[in-house]
Each structure stands twice: as C-alpha cells, then as structure tokens.
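Accompanying notes for the structure given below.
In what follows, every heavy atom counts, from backbone to side chain, and hydrogens, waters and symmetry copies are set aside. Indexing begins at 1, ligand by ligand and atom by atom, following the structure's order.
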Amino acid sequence: MYQYKRSSELFDEANKYIPGGVNSPVRAFKSVGGTPVFIEKAKGSILTDADGNEYIDYISSWGPMILGHAYPKVIEAIKEKVEDSTSFGAPTELEIDIAKLIVEMVPNIDKVRMVNSGTEACMSAIRVARGYTGRNKFIKFEGCYHGHADSFLIKAGSGASTFGVPNSPGVTPGTANDTLTARYNDIDNVKQLVAENKDEIAAIIIEPIAGNMGCVLPKKGFMEELRTLCDQEGILLIFDEVMNGFRLARGGAQEYLGIKADLVTFGKVIGGGMPVGAYAGPDEIMKVVSPLGPVYQAGTLSGNPIAMIAGYTLLKDLNENPQYFTELEEKTEYLHKGLDKVLAESGFDYKINRCGSMISVFFTDVDVLDFDTAATANNEKFPQFFHEMLKRGIYLPPSSFESYFLSNSLTYEMLDKTIQAAKESLEAMK
Ligand SMILES: *Cc1c(COP(=O)(O)O)cnc(C)c1O
C-alpha cells in the first residue's frame, strides 16, 4: 500500500512559503483532491516520490520527456556544457545550431527566436502578428491554452461570439476586449467573429491538436477552412505547437495535418526539460522582430546555453530517429485499445480521444469536440479514477482537462500494467 507521509509533510511546509504550495496550479491536485505527490527523481518512465513510491509516468513533465526522464544523451550534454558557465547574455554558436535544426525540421519557417517558456512564445507571437498586420484583435478558441499572459486568460460567456469577459481577476476589460473567443471545431462561429470585426483581427491562434481540454482533435476540414479564411481576410494563422511540436511528428502539427501556419510557437519538448520556448515564421513576418524591425521582444536568459544544449540534443535525436514517432504512435494505439477494452467492460460511459502520442479518457457519453463537450467529463468519475490509478502506481495528469503524454521509454510491459491497473481501478469505482 502506498504511503504519502513525506509528501504530505512537504506539502504542509510548502504551503507556508509558496502560494498553494506549488509553483504551477495544476500540481496542487485541487481538481482531484488529496495530497500532491512530491517527486524526488525519475528515470525513463518511472517516477520516484519523496516516500519512495514508484509510478509509471503519463505526464512526461507535460511533454518534454518524450524519450524518457534523465535521457542519457541529454544529461551527458548538460554535464559537459555546464562546466563552461551557465549564462553569458551574449550570442553563442550553440544558438545557431539549434535554430538551424529547428528550421530544418519544421516546415514553412525561416527564422526562429528562442524565449524561456511557452507563455512567452505565444505572447510574443501575438505581438508580432499585431505589429505585422497593424491590427489589434485576435481570436482564440475556448478550451485552448496559450500560457498565462493577460490576453489569453479570457473565456467566452455562454454566447461565444460576444466580447471576452476576463476570467482571471487582474486582467483588465481593455485587454479582454481585444481577445475574441470562438468554439473549437466551429468554423461558422469563427466566420461570424471575423465578419463582426472586419479588418480588425490580426491573428487566429489555435492548438492544432488541442491538449488543454483533454486531447481534442480538429474535425475533418476545420483547419483547411481556417487556413482559407485567414488567407481571405489577411489574418495570420498561429499554430500554438507548445504541445504538438516535435511530438506529433518531426515537423509538428503542420507536417502532421498538412496545413501551413504563418507563425508557430513551441515549448515543452523544445527545451528537453529546461525552461525554453520559441516562436518562428517566414522571413516576411519575422523581419518585424527587433532588432531587425520595430516589434520589441527580449530576454536576459533567452538562448541560455544549458537550456539550448538540452533542447538541441533532444531535437537532434528526434530528427535522426523518425522511427521514434512511429513507435510512440504504436504504443499509444496499444494503450488506446487496452483502455477501450477495459472501459467497455466496466459499463461506464466513456470516450477516448487520441492523436499521435497524446490520449485522453473522458467519462462522458458525448463525443468530445470542444470545450463544452469536454466539460461534461469533468465529473466525480475522473478524480476517482485518478486516485485508483495512482494507488496502483500509475501517474496520470491530475485534471480531466489534461491530455496524457506518452514517452518512448514506456515498454509494452508497462502499458500492460497500466491497462490492468485501469481494469482494477474501474472495478473499484463501482
Ligand atoms: C503549456 C502550454 C503553453 C504554456 O507554456 P508554459 O511553458 O507553461 O508557459 C502554451 N500553449 C500550450 C498549447 C501549452 O500546452
């Protein structure tokens, strides 16, 4: 039986000094209840917590650990690099290496600017789009997350086509006014917003495969229609590939879906577990970025050598081994089939969405296509399942609005163990 004594002591102590005891909210287990598990170390797909419990990891640090924790090549590269100092605030050759590699891997981009997080990448991409088009507003989709910059923390009211209402205190109505929110997979809704705000919309930003309302896939034709609409209206299409990039394929969602974006943002995998983000696009657009152009964007630690070597080493390995993506997809499909079987046997209502190595189980009887349908699965079943799985050594994302991210260090034996744990968990939930 798992004990959480040390984790629970640490959480009490953490709460004295850190808001809610955590440095990012979802870690606090608020939506599933119970004590968050404090992690001590990890290797491959196995996490070890502060009480010595071991878990099979389905979060992969929310994506970066796509080839497993403490991936030897990455660790070695960091160790070697760190001897040369941890930051210079001046250009390095390594920044060219990673930029070149990214431009080689990702379609439709000429230039890439490194930042320190996905938030920064998305926030900067919106600024670039505004600077480039001379327009102020942008459209995002309900349920898509683009980081915690003010202009993204907007959720539509019940009428998705009305002006944004700030959903975090601290975001001003002025900021909210420039963010329009549409329903994912609803092209008519997007068209209506565009028509109502003719020549005012700089960009449409989207998670091509959404992962922040659980895994939700674009309907056939939806992305194509968005692309066409953007072309017709002079709007930039921004793919937020912070989750999708270097995970769905070498070239990310653009390659996976065969759709061209005007700007692309990255995070997560791109840093190999270090704090890194990036935004990229063709010369025509990226030429507005300072110091080439007038759109200011900077970072004291951007292009940090330790972060760059971690990212570079991981991306290079992914680039040289395209079979990793196939292997990941096969493992995820295997898990999908196994979970499908035990869920069907359980008699509970459920839907499974999967794309590449992203997968979500929704305890609902409706197809999950957007935020509203995803929200139907935010019920009491999810926390029960989460805790039953945790007890059996399976570490799932602690929210029904998060996708699982598989790592290629997962073995078929681990996948079988996970499916067996799911079977037992579902039994226990009855
Ligand atoms: C995680 C995430 C972000 C924010 O990245 P941070 O590094 O947490 O700032 C932005 N967009 C998407 C799609 C994400 O999944």
Side-chain angles (χ1 to χ4, degrees), residues 22-28 58-66 106 113-129 138-155 168 179 181 184 203-218 223 237-248 252-254 256-257 261 263-280 297 299 301-304 307-308 310-311 314 353 355-360 370-371 374 397-406:
V22 291
N23 280 312
S24 197
V26 75
R27 296 178 197 168
Y58 283 92
I59 302 185
S60 303
S61 188
W62 304 100
M65 300 304 158
I66 188 164
V106 179
R113 172 59 67 82
M114 306 304 296
V115 293
N116 305 291
S117 66
T119 297
E120 264 188 80
C122 295
M123 175 185 96
S124 307
I126 292 291
R127 187 182 306 138
V128 168
F138 72 91
I139 296 176
K140 74 175 282 287
F141 292 88
E142 200 177 348
C144 284
Y145 180 69
H146 306 294
H148 65 92
D150 286 2
S151 60
F152 297 127
L153 296 180
I154 315 295
K155 190 172 167 179
S168 168
T179 304
T181 312
Y184 195 85
I204 296 178
I205 186 167
I206 188 163
E207 289 180 62
I209 309 298
N212 285 292
M213 44 182 154
C215 177
V216 177
L217 282 69
M223 281 298 165
L237 181 60
I238 305 175
F239 272 11
D240 177 353
E241 298 212 28
V242 172
M243 276 178 176
N244 299 166
F246 312 107
R247 171 166 288 278
L248 296 181
Q254 290 191 91
Y256 197 88
L257 298 171
L263 285 169
V264 193
T265 62
F266 297 107
K268 301 192 168 110
V269 176
I270 203 173
M274 296 294 288
V276 180
Y279 62 98
Q297 186 275 309
L301 294 175
S302 294
N304 172 272
M308 292 302 102
L314 184 62
N353 285 356
C355 186
S357 52
M358 295 167 64
I359 181 170
S360 285
D370 54 27
F371 182 76
S399 158
S400 69
F401 292 114
E402 303 282 0
S403 169
Y404 308 179
F405 296 104
L406 272 67

Atoms of ligand 1, numbered as shown, that sit under 4.0 Å from any heavy atom of Met243: 15 (O)
First locate atom CD1 of Ile154, then atom NZ of Lys140, and finally report the distance between them rounded to the nearest 0.5 Å. 8.0 Å
In the protein, which heavy atom is nearest to atom 15 (O) of ligand 1, and how far is it? Lys268 NZ, 2.6 Å
Pick one of side chain, backbone, both or neither for how His146 approaches ligand 1, counting any non-hydrogen atom pair under 4.0 Å. backbone
Can you see whether Arg127 engages Gln297 through a side-chain donor-acceptor pair at a distance of less than 3.5 angstrom? no
Contact atoms of ligand 1, heavy-atom distance to Glu207 under 4.0 Å: 13 (C)
Going by the atom numbers of ligand 1, which of them fall below 4.0 Å from some non-hydrogen atom of Ser117? 7 (O), 9 (O)
What about the rings of Phe371 and Phe141, do their centers lie closer together than 6.0 Å? no
Backbone N or O of Gly252 within a donor-acceptor pair of the Asn244 side chain at under 3.5 Å? no
Within the structure, does Asn212 bring an N/O atom to less than 3.5 angstrom of an N/O atom in ligand 1? yes
Does the Ser61 side chain pair with the main chain of Gly273, one donor and one acceptor, at a distance under 3.5 Å? no
Which residue and atom name correspond to the protein heavy atom nearest atom 11 (N) of ligand 1, and how close is it? Asp240 OD2, 2.7 Å
Establish, from distance only, whether the side-chain atoms of Asn353 and Ser360 form a donor-acceptor pair under 3.5 Å. no
protein heavy-atom neighbour closest to atom 7 (O) of ligand 1 works out as Gly118 N, 2.8 Å
Which residue holds the protein heavy atom closest to atom 8 (O) of ligand 1, what is that atom called, and what is the gap in Å? Thr119 OG1, 4.5 Å
Interatomic distance, Asn212 atom CG to Ser399 atom OG [nearest 0.5 angstrom]: 9.0 Å
